[in-house]
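Take a look at the structure below.
As the structure is a prediction and not an experimental result, all values here were calculated from the model.
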Amino acid sequence: LDVIYHGTSMPPSNRRNNTSDSKTILAVSDIYIQKNYHTLIQAFGLVHKENPELKLVIVGREIDEFYSRSVREMANALRLTDAVEFLGHVNPPELSELYENCHIFVFPSTVETFGNPLLEAMSFGLPIACSNTAAMPEVIGDAGLMFDPSDEGDIAEKIKQLLDNPVLREELGKRASIRAREFSLSRTAISTARVLHSACSATSVGSRMLR
């Protein structure tokens, strides 16, 4: 079994605004239950009580209409209607701008085989808090804070750590940018070609042995 990581075409960068006072948290993924937005909304509610100027921006198509509606209703019930913004699908230039200008990136998903938005955020050098399950720890390494995605208190605590510590934000942003270089599209292509070449060689040897 050979594991080949995805790559990103977004060039890694070292942001200069990780110590700024911007108050936007960004989450990117299509909306269905495995993306765990309901727990993120609950966690954001805890953080918002102490940081009423904070905004949560969610980017992603509403794949599951019932779940999407329940997440919006939860935001309304927690009186976060004006603090949580659902942008739906956005085009790549707009998404790049959102990555560039947000304060913190949060990835609360419970199930991922890789997590492309996580890598995209890393390539922008963002301070990141993400789930400690599935593929996320393997992708992010030591370049972000990790939380239990089923525990809104833990998610809130990790967000607060990033909000309250500009030195930590800057350090994690630098680590994320450096780690993103390990996931280039060229490396993905080379690894894929190597596996295909190996498979072809094995098939050729096997054919000769059968003759």
Side-chain angles (χ1 to χ4, degrees), residues 3-10 24-48 54-124 126-140 144-156 158-159 162 176 180 183 185 188:
V3 176
I4 300 174
Y5 293 113
H6 288 296
T8 176
S9 58
M10 295 182 176
T24 301
I25 295 174
L26 179 65
V28 177
S29 277
D30 290 338
I31 303 176
Y32 51 93
I33 194 166
Q34 289 87 349
K35 299 303 182 178
N36 199 33
Y37 281 124
H38 57 288
T39 312
L40 176 59
I41 295 290
Q42 292 173 319
F44 179 72
L46 297 176
V47 179
H48 190 262
L54 204 61
K55 290 198 68 173
L56 172 62
V57 175
I58 295 175
V59 174
R61 297 170 298 171
E62 297 187 1
I63 301 298
D64 184 331
E65 293 183 7
F66 176 80
Y67 178 71
S68 300
R69 186 166 60 252
S70 69
V71 169
R72 290 176 181 273
E73 290 173 352
M74 177 179 288
N76 294 339
L78 293 173
R79 299 182 179 179
L80 298 171
T81 306
D82 294 332
V84 179
E85 187 174 2
F86 295 87
L87 296 185
H89 174 74
V90 302
N91 57 41
E94 185 179 355
L95 180 58
S96 294
E97 187 174 347
L98 289 168
Y99 278 127
E100 186 63 44
N101 294 313
C102 80
H103 192 48
I104 294 168
F105 182 81
V106 181
F107 198 62
S109 181
T110 58
V111 179
E112 294 288 336
T113 55
F114 184 78
N116 284 314
L118 180 58
L119 176 55
E120 291 172 355
M122 289 164 57
S123 74
F124 276 86
L126 288 170
I128 297 169
C130 76
S131 299
N132 62 5
T133 59
M136 279 72 81
E138 188 173 354
V139 174
I140 199 168
L145 300 183
M146 286 184 281
F147 51 71
D148 177 354
S150 66
D151 185 347
E152 65 268 21
D154 192 20
I155 298 175
K158 297 307 188 297
I159 292 174
L162 291 175
F183 299 96
L185 285 176
T188 300

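- With Y67 as the fixed residue, the side chain to side chain donor-acceptor pair (under 3.5 Å) test singles out one of H38, E62, Q34: H38.
- Proximity of V139 to E112: side-chain heavy atoms (C-beta onward) are nowhere separated by under 4.5 Å.
- By the 30° and 60° cut-offs, the orientation of the rings of Y5 relative to F114 is tilted.
- Minimum heavy-atom separation, H6 to T188: C-OG1, 3.4 Å.
- You'll find the side chain of I41 reaches within 4.5 Å of the side chain of L56, heavy atoms only.
- N91 CG: more than 12 foreign heavy atoms inside a 6.0 Å radius.
- Annotation for I128 and A176: closest pair CD1-CB, 4.4 Å, computed over non-hydrogen atoms.
- Ring-plane geometry between F105 and F107 is classed as parallel, the angle between the planes falling under 30 degrees on a 0 to 90 degree scale with a further cut at 60.
- Here the closest heavy-atom approach between residue I25 and residue V106 is recorded as CG2-CG2, 3.5 Å.
- Put simply, the side chain of S131 gets close to the backbone of S109: a donor and an acceptor are under 3.5 Å apart.
- Residues L54 and H48 approach most closely at O-CD2, 3.4 Å, considering heavy atoms.
- Side-chain atoms of T24 do not come within 3.5 Å of backbone N or O of H103 as any donor-acceptor pair.
- For the residue pair R61 and H89, the shortest heavy atom distance occurs at CG-CB, 3.6 Å.
- To the nearest 0.5 Å, atoms NZ (K35) and OG (S29) are separated by 4.0 Å.
- For the atom pair Q42 CD and N36 CG, the distance stands at 9.0 Å (nearest 0.5 Å).
- Looking at Y37 and S70, their side chains never come closer than 4.5 Å, going by heavy atoms from C-beta outward.
- The minimum heavy-atom distance between L80 and G45, with the atom names listed, is CD1-CA, 3.8 Å.
- With contacts defined as side-chain heavy-atom distances shorter than 4.5 Å, the pair E97/V90 does not qualify.
- Counting heavy atoms from C-beta outward, F44 and L78 have side chains that stay 4.5 Å or more apart.
- Counting heavy atoms from C-beta outward, L126 and C102 have side chains that approach closer than 4.5 Å.
- Rounding to the nearest 0.5 angstrom, the gap separating the CD1 atom in I31 from the CD atom in E65 is 11.5 Å.
- Panel note: side chain D30, backbone I63; no donor-acceptor pair is recorded below 3.5 Å.
- Taking CG from L145 and CG from D154, the interatomic distance works out to 10.0 Å, rounded to the nearest 0.5 Å.
- Atom OG in S96 sits 8.0 Å away from atom CD in E120 (nearest 0.5 Å).
- Distance check, rounded to the nearest 0.5 Å: NZ of K158 to CD1 of I104 gives 13.0 Å.
- Counting heavy atoms from C-beta on, the side chains of Y99 and V28 come closer than 4.5 Å.
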